[in-house]
There are 2 protein chains.
Amino acid sequence: MGDIREPLRELTECGLPQALEVMGERWSFMILRASFNGLHHFEEFLSELGIARNILSNRLAKLVENGILRRDPCPDDRRKIEYRLTDKGFDLLPAMVALRQWGQKYGAEVTENPVLVDERDRLPIGPTSILSHDGRILGPQDLALVERSDLGVRADGSQADQEGSLGLGEVIDIESLRRAKSAA
Amino acid sequence: MGDIREPLRELTECGLPQALEVMGERWSFMILRASFNGLHHFEEFLSELGIARNILSNRLAKLVENGILRRDPCPDDRRKIEYRLTDKGFDLLPAMVALRQWGQKYGAEVTENPVLVDERDRLPIGPTSILSHDGRILGPQDLALVERSDLGVRADGSQADQEGSLGLGEVIDIESLRRAKSAA
DNA sequence: TACTTTAAGTTTCATGTAGCAACCTATTTT
DNA sequence: AAAATAGGTTGCTACATGAAACTTAAAGTA
């Protein structure tokens, strides 16, 4: 019943463990995707996903508990319950799309269908991207990890002297990213 | 040993199940994040993440098997093994950042540290975004799901008559998204 | 050389969680 | 009133997780 399992320890201050606490379970993202795709009812999820009844029940309850789905009893048919995404649930869209695109890129040749498109021109969306504060698309090469206290501080000529040093006030630039990228 | 568990059924053709097959397990994303942060050795992961030895061993093996990490024995100290991200692993960055940002937004007040910044100006990155093919930032309101055969076809005045109908050649626009957004 | 430590695993065993099938309860529908 | 539908719950089995002890190989140290 209660989550007795110890929560994922944070390597440092980070939202990732929190996200995984909620969405890290085996079926959570599939249910989310089904919701995005317009499924709202228990039996719909059940037959579309091929998930076990009790697990679906449990996952839906957890998603509701965590504010990702809303649980609305239907007024017209009082047997039915409508599960609908909340704003918090919608905000998982970028994460879901990014995962999906990654799976698409590296998985067995799946030609996705239906396709997620820009409504304006009905052309497929581009890759999910990390943007800078002013909207440039950033690749792994453009990213660095810095201590909060050093935000906006131009590194005074110092590359991180040793990777992984994680020293206070030290610029931890993701050197390994760059090397691996250029080496490969 | 072998993955006997039935693979996640695809609701339709979609890369998500493939991604979850690889990254959907409890510690996978935390290990990935640790890798991004410059950890490379077994005992480093072990002490930083607080994961059990056997599970770490198993997860690392799986990540290697799936081509997300490379397993390089160190030449200088032949006890040591270096686990390093492959390009395929780096490509999970948007998904990881999106998840992390979501956790950040909705989780308990965590002030993340270290911060992921744009190297050019050392200012924090913006939100991970879904872009159109020509680079516009798309919100949930701008997205629609269409059948592959209808790509680029201007919907002839037809909104999807009933959500969730999923009919062939039918425009499945994510009406529910729009309604929920505007209603909330 | 022997003695200890470190790195990266494996094994064992208790516990937790997933999945299947059957059952249950309240509503419709016929 | 009987049957079907929607959304669950319960009991059981198999698999996954986690803590602690054990293993193996290589390095450091007296």
Side-chain angles (χ1 to χ4, degrees), chain A residues 1-9 17 20-31 34-35 38-66 69-84 164, chain B residues 1-9 17 20-31 34-35 38-66 69-84 164:
Chain A
M1 284 266 171
D3 198 358
I4 300 147
R5 204 154 47 165
E6 194 183 359
L8 296 160
R9 188 188 300 178
L20 293 174
E21 211 67 53
V22 182
M23 294 305 298
E25 278 167 305
R26 189 163 150 71
W27 286 101
S28 306
F29 264 107
M30 289 301 286
I31 294 173
S35 277
L39 304 193
H40 306 297
H41 296 288
F42 191 93
E43 309 284 335
E44 287 177 328
F45 290 118
L46 196 68
S47 60
E48 287 299 315
L49 296 178
I51 183 177
R53 271 183 116 63
N54 53 348
I55 304 300
L56 176 59
S57 176
N58 183 279
R59 273 321 93 87
L60 286 173
K62 246 178 217 176
L63 289 173
V64 168
E65 190 185 318
N66 285 300
L69 294 177
R70 208 160 359 97
R71 187 182 186 281
D72 300 334
C74 287
D76 53 307
D77 185 338
R78 282 163 47 225
R79 291 171 304 179
K80 288 188 183 173
I81 302 286
E82 276 211 344
Y83 290 97
R84 287 188 169 277
Chain B
M1 283 258 172
D3 197 359
I4 300 147
R5 204 154 46 167
E6 194 183 358
L8 296 162
R9 187 187 300 178
L20 293 174
E21 213 65 54
V22 182
M23 294 304 298
E25 279 167 304
R26 189 162 150 74
W27 286 100
S28 306
F29 264 107
M30 289 301 285
I31 294 172
S35 277
L39 303 193
H40 306 298
H41 297 289
F42 191 92
E43 308 284 335
E44 287 177 329
F45 290 117
L46 196 67
S47 59
E48 287 299 314
L49 296 179
I51 184 178
R53 267 178 170 296
N54 53 350
I55 304 300
L56 176 59
S57 177
N58 183 279
R59 274 320 95 86
L60 285 173
K62 246 178 217 176
L63 290 172
V64 169
E65 190 184 317
N66 285 300
L69 294 177
R70 208 159 1 96
R71 186 183 187 281
D72 299 334
C74 287
D76 53 308
D77 185 339
R78 282 162 47 225
R79 292 170 304 179
K80 288 188 182 173
I81 303 286
E82 275 211 345
Y83 291 98
R84 286 186 170 278

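Chain A is the first sequence line, chain B the second, and so forth, proteins listed ahead of strands; every chain is numbered from 1.
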note: A/Glu43, atom CD; D/dT9, atom C1'; distance rounded to Å ~ 14 Å
Whole-Å distance separating the CZ atom of B/Arg59 from the P atom of D/dA16 | 9 Å
Atom CG of A/Leu56 to atom C1' of D/dA6: distance rounded to whole Å?
-> 12 Å
Do B/Met30 and A/Pro17 come close enough that some side-chain heavy atom pair is under 4.5 Å?
-> yes
Taking atom C1' of C/dT27 as reference, at what distance in whole Å does atom CZ of A/Phe42 sit?
-> 16 Å
Whole angstrom value for the distance that separates C1' of C/dG16 from CZ of A/Arg26 | 16 Å
N/O (side chain, A/Ser57) to phosphate O (OP1/OP2, D/dT9) under 4.0 Å | yes
Candidate nucleotides D/dA19, D/dG8, C/dA18, ranked by approach to the side chain of A/Tyr83 - the nearest | D/dG8
Please report the shortest heavy-atom distance between B/Phe42 and B/Arg53, naming the atom on each side.
-> CE2-NH1, 3.2 Å
If you check the B/Ile81 side chain, which of D/dG8, D/dG7, C/dA8 turns out closest?
-> C/dA8
Shortest non-hydrogen contact between A/Arg71 and A/Tyr83, atoms and distance | NE-OH, 3.5 Å
Measure from NZ on B/Lys80 to P on C/dT5 and round the result to the nearest Å.
-> 18 Å
Candidates C/dG9, D/dA19, C/dA7 - which lies nearest the side chain of B/Arg71 | C/dG9
Considering only heavy atoms from C-beta outward, does the side chain of A/Arg26 approach that of B/Arg26 to under 4.5 Å?
-> no
Give a yes/no on whether any side-chain N or O of A/His41 is located under 4.0 angstrom from OP1 or OP2 of D/dA6.
-> no
Within a strict 4.5 Å, meaning less than it, do heavy atoms of the B/Pro73 and B/Arg78 side chains meet?
-> no
Each nucleotide of nucleotides 20-30 of chain D classed B (base within 4.0 Å of a protein heavy atom), S (only sugar-phosphate) or -, in 5' to 3' order, makes -B----BS---
Interatomic distance where CD1 belongs to A/Ile55 and P belongs to D/dT13 [whole Å] | 17 Å
Which atom of A/Leu46 lies closest to which atom of A/Ala52, heavy atoms considered = CD1-C, 4.2 Å
Interatomic distance, B/Trp27 CH2 vs D/dA16 P [rounded to whole Å] | 18 Å
Can you find a heavy atom in the side chain of B/Leu56 that is under 4.5 Å from one in the side chain of B/Trp27?
-> no
